[in-house]
Every structure is written in C-alpha cells, then in structure tokens.
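What follows is one structure encoded as structure tokens, with my remarks underneath.
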Amino acid sequence: MAKVNEAAAMEIDDPNANISDQINPKFSINVLQLLKSAQMQHGLRHGDYTRYRFLHVVLYMAERAWSHAMEKRQLPDGPNARQRIYLIGRLRKAVKWADLFSHLCSVKGDSRTSLEAEAYASYMKGNLLFEQDRNWDTALRNFKSARSVYEELGKYGDVENQVLCRERVEELEPSIRYCLHKIGGSNLQASELLQIGEMEGPASDLFKSKLEVNGFVGYIDVLYYPDLQAVMAEARSQQAASLTEFHWLGNRFPITNAKTRVAILKAQELEKDLHGPSADSVSAEKRLVTFDKVFTAYHEARSCIRSDLASAGSAENVKDDLNGLDKAVSAVLGQRTIERNQLLVSIAKSKLTRRRDDKNEKVTKPEELVRLYDLLLQNTADLSDLVSSGRDRKPEEVTFAEECELKSLAFRAERCFYLARSYSLAGKRSEAYALYCRARSLAENALQKFQAHSKTDQVMIKELKTLYDECRSYSCIEHATGIIEEVKAPENLSKKISTISLTGADKKVEKYLLEKLDLYEPAISDSNVKAVPRIEPFPPAFQSIPRNPIVLDLAYNAIDFPSIENRMKKDKKGFISRLWG
C-alpha cells in the first residue's frame, strides 16, 4: 500500500504529468449544484420522483452518441477504417436513442414536442444513411421530412424559435441537394462551393467534412479539384491576386499581405448579399447573419494589418500605408455597423404596432428603439471622429464627415420621437407633448439640411418627412387627450374617491391607506392600481390595553392569628355596676 501511495505521489510531483493534462483536459462540474437544479426543476420540489426520470436524458444520450461520431469525423486526416466503423456505430446509437425519444414524446409530450422529436429522429436517420453512402432516396426522404417539419414550426412560436427553425432549414439544404445529385436529380456548380463553405452549424458539418474526405466522389463530372479546401483556396487566391489596393474616399492603400487580401475579399463578397440587386429579397434574419460574417472578416483583416504594423520596424512609408489601410478598414466596419443597427431598427419598428398574436411573441417597446438610436448616435459620432482625424483630409473625407453629422441629426429626431411615445404610454401627457414638439423641430431642421446638401439621400428625406407628419399628428392627439383628461379629472377623481370604503371585509386588501402614510403611492389617480383602495378595516379589531390589576387575598382565611386579649384594655366597673351586673 505504501508503494502505491509513493507511486501516486511521484506521478503528482512529476512535471511531465501536465503534458497528459494538456492532451486530455480535465473538466470541472459542480455535481451537487447540477443535481439540485435538475431535481428542483423536474418534480422533486413536490416529491414527484416519477417526473424526475425526464425525457431530457434520452435526448442527451442521442446527442452524446452523435457528438462522438462527429469528433471522429473532424480528425485532421479523416477517420481510418477502424475509426469509421466506430463512427457509424455511434451514429446508429444516436438513431436508436432518437427513435426512442420520438416514441416517448408521442406518448408523453404535446403535439408540438412530438412533431419536433419526429423531425429530430428523421434528421439522425438521414445522417446515418448519408455517412454510409447508400440508400440515398431514403436519406433524402428523411432530410425532406425534417425540413418540412422545421419549416412549419418556423411559422409559429416566439421569434427566437422561428429563427432557430429557419437556420436548421438552411443547414439541411446542402445535404438535400447532395442526395438529389447522387440520385441524379440535380448538379452542383463550382460557384456554389464557396457558399457551402461559408455555411455554419452542426447540420452542415457532416456535409462539408464528407466532401473534404471523399474528395468530391461523384463530382468528377462537375469539378476537377481534390477537395473543398483546395477549391475554396484556389478560388479565393485567384480573386485576391487582383486585389492589390483598397479604395476608400478617394484614397488608395496598397495591400501586400495575402491574408489581408483574402479577408477583405471575403468581406466584399459577403457585402454583395447586403447591397446587391437581390438584397431586398433576403430575410432580415439572414441579413443579420451576413453582417456578423462581414464583421468577422474585417476584424480578421485589421488583425493582420496590425501584425504587419508591429513588424514594420522603422519603415515610415510602410507604416503610413498600413495606418491608412487600418483607418479605411475601420471606417468601413463602422459603416456596416450603422447599417446593421438600422436594420435592427426596421425590425423593431415592424414589431412596434404588431398585435400580440401569440402569447410567447415579444412586442417591441418604444424604449428599445430609444436604446437602438442611442447606439446609432454613438456609432455616427465614432465614425465622424475617425474620418476627421488626421491633418491632410481630402474633400471626400470632409463630405463624408458632413454626412455623418446629418445622419446624427436624423437619429436624434427619431430618438426624441420614440422617447415621446414611451412617455405617452406611461400616461405623462405634458412630457409627451413637449417631446413630440421637440422631435418635430429636430426633424424639420434635419430635413432642411438634407435638402440643402449636395448629395441628397432620398430615402432619409422621405423618412424625415414621414417623421415630421407623425410628430405633428401625435402632438395634436396628445394635446387633445391631455385636455380631455384634464376636463374629466374632477369627475374621475370624485368617482374614484367614492369607491373608497372603510370596510374591506368583502375583498382581501394587501395594505390599507392609513398604513401607507409614509409612502408616496397614488391610490386613485394611478391607472395601474386595480384594487379599490381601503382606508381602514371597520369595525376595528380588538386590541389589548393595560389596566389595574385585581388583587385577591386568598391566604387571609387560612391564617391562625394568636390571641391578644391579654393586651386589650379592660373596662373598670363601679359598685352599682357590680350589683346590677
């Protein structure tokens, strides 16, 4: 036993032990906390041990088997024969657990849960057949079944769930098209490979890894490249070779680093989906995803530029070019940030007046638009400061800075308008009216400056005209509503005061008015107060009061007092009294 302990101590003290920890990292799990959280959420709070055997276990077992398979699929050189057998075995295990999960949900779950579990099982079956390179028609049928379910589920529920369902539909598309190609129903062109390589998500990982490992087996009639990475690298390198300069506001900055070229080229290709002719047909959720990819590409380019700056040494010309390129890329990144936030504003505006059709659907509040316009004001200020920095500025840069100032005026007017709407919803008529008037003045000022500017933005001018009219309408409505409420205020006040009662026995009152004398809480003028105010419970409850004590001397009758006759004074009798006595 001592030798075992000694050996264990030697292993702990061995400096090479850290190497094995790096290869096989150690995981940290708060077991007790995890168990208590699961127990409280799934029945044990009420002693329901049957409910604690919840369906999540079966689902997690399917995901566990699937993740084992994907781990083997992502090996650098691909899985060998033995690892491939293990991979297919784990996928079979995932299909088994997914089928069990679907069956249990059909018995124990509601209709939506059962349908979604069925789609999950179909997706797992399609992955297994996809990996086995057989039964392509069955794999296609499973993938299409999962896609149809997710398309239907994407039409209902909250926004987050709809986005997730639509993303899963997009992730399934390459696998469906590949199955159609294997069956002979379609062909994939070389231009589509770059789009597939840009896709993200677990559902597309198996498709991309299969193309990389199998070397486009079945694509020989369409492509003549060994794998997906080679095709993407060659396509991008050919396009990047022509990208020698970056043009921005009349400036030309040379691009010498190949990685910087590829990153900027990737961003410019993605920007075509945002500003191209088909941009209007792209959904807002997909455009947000594209914006995120654009930001990633430009940040990668900036990282390469700053690495070149650190290694430039004392070459001033090279440093000037790199600083100018960094400024230009940062400015473009700021422009795309403003465009992304404007897209978020348009999404929020579309949900502002929408009625709540589903109980889980979130409706935009005016405060959220105020926050978005705060971000836009900060973005335009940062971009204006960036462009205005430097000594020798070109006319294009001066004009661009003026456009940023004009945009900030429009954003200020929009922010003031939605701030007024938030006050209006809170019932603060005077503040809302003043803010509507202020927003109208800001919109008028911004509209005049936009019309006087040489490069007029017709879209912004149209929006400002609409905003000006809305400010005028809402200010009139707010003014009229305020007057009506002021006229009816005495009547409403008398009605509400008449409802005040001493008695509160018919309804449970949380707190009476006499108990809240030290708090400033309106009882009758606040529209959020639903309960009828009560002054004090009547008749009042009995209370204990102090009084004089009652003394009962119970020991007096039980005391045997001594005789005191010998101490008593005796009366003296005369002669006559003796005779008569």
Side-chain angles (χ1 to χ4, degrees), residues 59 62-63 65-67 69-70 73 87-88 90-106 109-157 161-189 191-193 195-211 214 216-219 221-222 228 281-283 285-286 289:
L59 179 61
E63 286 290 290
W66 172 78
S67 64
M70 296 305 296
R73 170 54 69 191
L87 185 153
I88 294 177
R90 298 310 299 178
L91 284 178
R92 284 200 184 99
K93 186 72 70 174
V95 170
K96 174 185 173 183
W97 285 111
D99 284 337
L100 178 59
F101 177 68
S102 177
H103 172 71
L104 292 175
C105 288
S106 64
D110 55 13
S111 58
R112 179 186 176 86
T113 304
S114 176
L115 192 63
E116 195 166 355
E118 184 180 348
Y120 178 76
S122 299
Y123 163 67
M124 282 298 179
K125 291 175 186 176
N127 283 339
L128 175 61
L129 297 173
F130 193 91
E131 181 61 32
Q132 289 177 334
D133 282 332
R134 64 183 185 185
N135 296 332
W136 292 105
D137 53 347
T138 307
L140 177 63
R141 188 165 57 252
N142 281 283
F143 282 135
K144 282 188 173 181
S145 175
R147 181 183 66 178
S148 62
V149 172
Y150 287 123
E151 284 176 344
E152 289 299 319
L153 293 176
K155 300 176 182 178
Y156 309 100
N161 183 74
Q162 292 179 17
V163 172
L164 290 176
C165 290
R166 291 170 188 169
E167 288 178 355
R168 178 50 63 95
V169 170
E170 294 177 0
E171 292 171 5
L172 288 171
E173 282 299 327
S175 300
I176 292 174
R177 295 174 65 186
Y178 184 77
C179 292
L180 287 172
H181 173 77
K182 296 295 291 186
I183 295 173
S186 68
N187 290 323
L188 292 178
Q189 302 299 325
S191 59
E192 298 172 333
L193 292 175
Q195 299 177 1
I196 294 173
E198 299 300 331
M199 292 185 63
E200 297 178 356
S204 61
D205 289 343
L206 186 63
F207 175 74
K208 290 189 290 185
S209 60
K210 188 172 185 61
L211 293 182
N214 292 351
F216 288 109
V217 176
Y219 280 77
D221 55 337
V222 183
L228 178 62
S281 61
V282 181
S283 62
E285 291 81 6
K286 193 170 183 179
V289 174

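Keep in mind that the numbers below use all heavy atoms, side chains included, and drop hydrogens, waters and symmetry copies. Fair warning: this is a prediction, and the values are worked out from it, not measured in the lab.
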- Under 4.5 Å between any side-chain heavy atoms of Val149 and Glu118, yes or no? no

- Query: Quick one: are Leu164 and Glu167 in side-chain contact, heavy atoms under 4.5 Å?
  - Reply: yes

- Message: If I compare all heavy atoms of Ala98 with all of Ala62, which pair ends up nearest, and what's the gap?
- Response: N-CB, 3.9 Å

- Message: Just verifying a value: how many Å separate Thr113 OG1 and Phe101 CZ, rounded to the nearest 0.5 Å?
- Response: 7.5 Å

- Item | Closest contact, heavy atoms only, Met124 versus Val95 | O-CG2, 3.4 Å

- Item | Reported OG-to-CG distance for the pair Ser106 and Leu115, which is rounded to 0.5 angstrom | 11.5 Å

- Gap separating the OG atom of Ser122 from the CG atom of Asn127, nearest 0.5 angstrom: 11.0 Å

- Query: How many angstroms lie between NZ in Lys144 and SG in Cys179, if you round to the nearest 0.5 Å?
  - Reply: 9.5 Å

- What is the minimum heavy-atom distance between Gly126 and Asn142, and which atoms define it? N-CB, 4.0 Å

- Message: If I take atom CD from residue Glu116 and atom CG from residue Leu153, how far apart are they, to the nearest 0.5 angstrom?
- Response: 5.5 Å

- Show your reasoning for whether side-chain contact (heavy atoms from CB on, under 4.5 Å) applies to Asp99 and Lys125. CA-CA 9 Å; Asp99 284 337; Lys125 291 175 186 176; 3.0 Å; yes

- So which heavy atom on Leu128 is nearest to which on Leu91, and how close? CD1-CB, 3.7 Å

- Should the pair Phe143 and Tyr123 be assigned to parallel (<30°), tilted (30 to 60°) or perpendicular (>60°) ring geometry? tilted

- Message: Taking the side chain as everything from C-beta on, heavy atoms only, tell me whether Met70 gets closer than 4.5 Å to Arg90.
- Response: no

- Query: Taking the side chain as C-beta and beyond, is there a heavy-atom pair between Tyr120 and Ser102 under 4.5 Å?
  - Reply: no

- Message: Quick check for you: to the nearest 0.5 Å, what is the distance between Arg92 atom CZ and Glu131 atom CD?
- Response: 11.0 Å

- Query: Between the main-chain N or O of Glu63 and the side-chain N or O of Ser67, is there a donor-acceptor pair closer than 3.5 Å?
  - Reply: yes

- Could you tell me whether a side-chain N or O of Ser145 sits under 3.5 Å from a main-chain N or O of Arg141, the two making a donor and an acceptor? no

- Minimum heavy-atom separation for Ala69 to Leu87, with atom names? O-CD1, 3.4 Å

- Task: Look only at the side chain of Ser114 and the backbone of Ser111, and say whether a donor-acceptor pair between them is shorter than 3.5 Å.
- Result: no

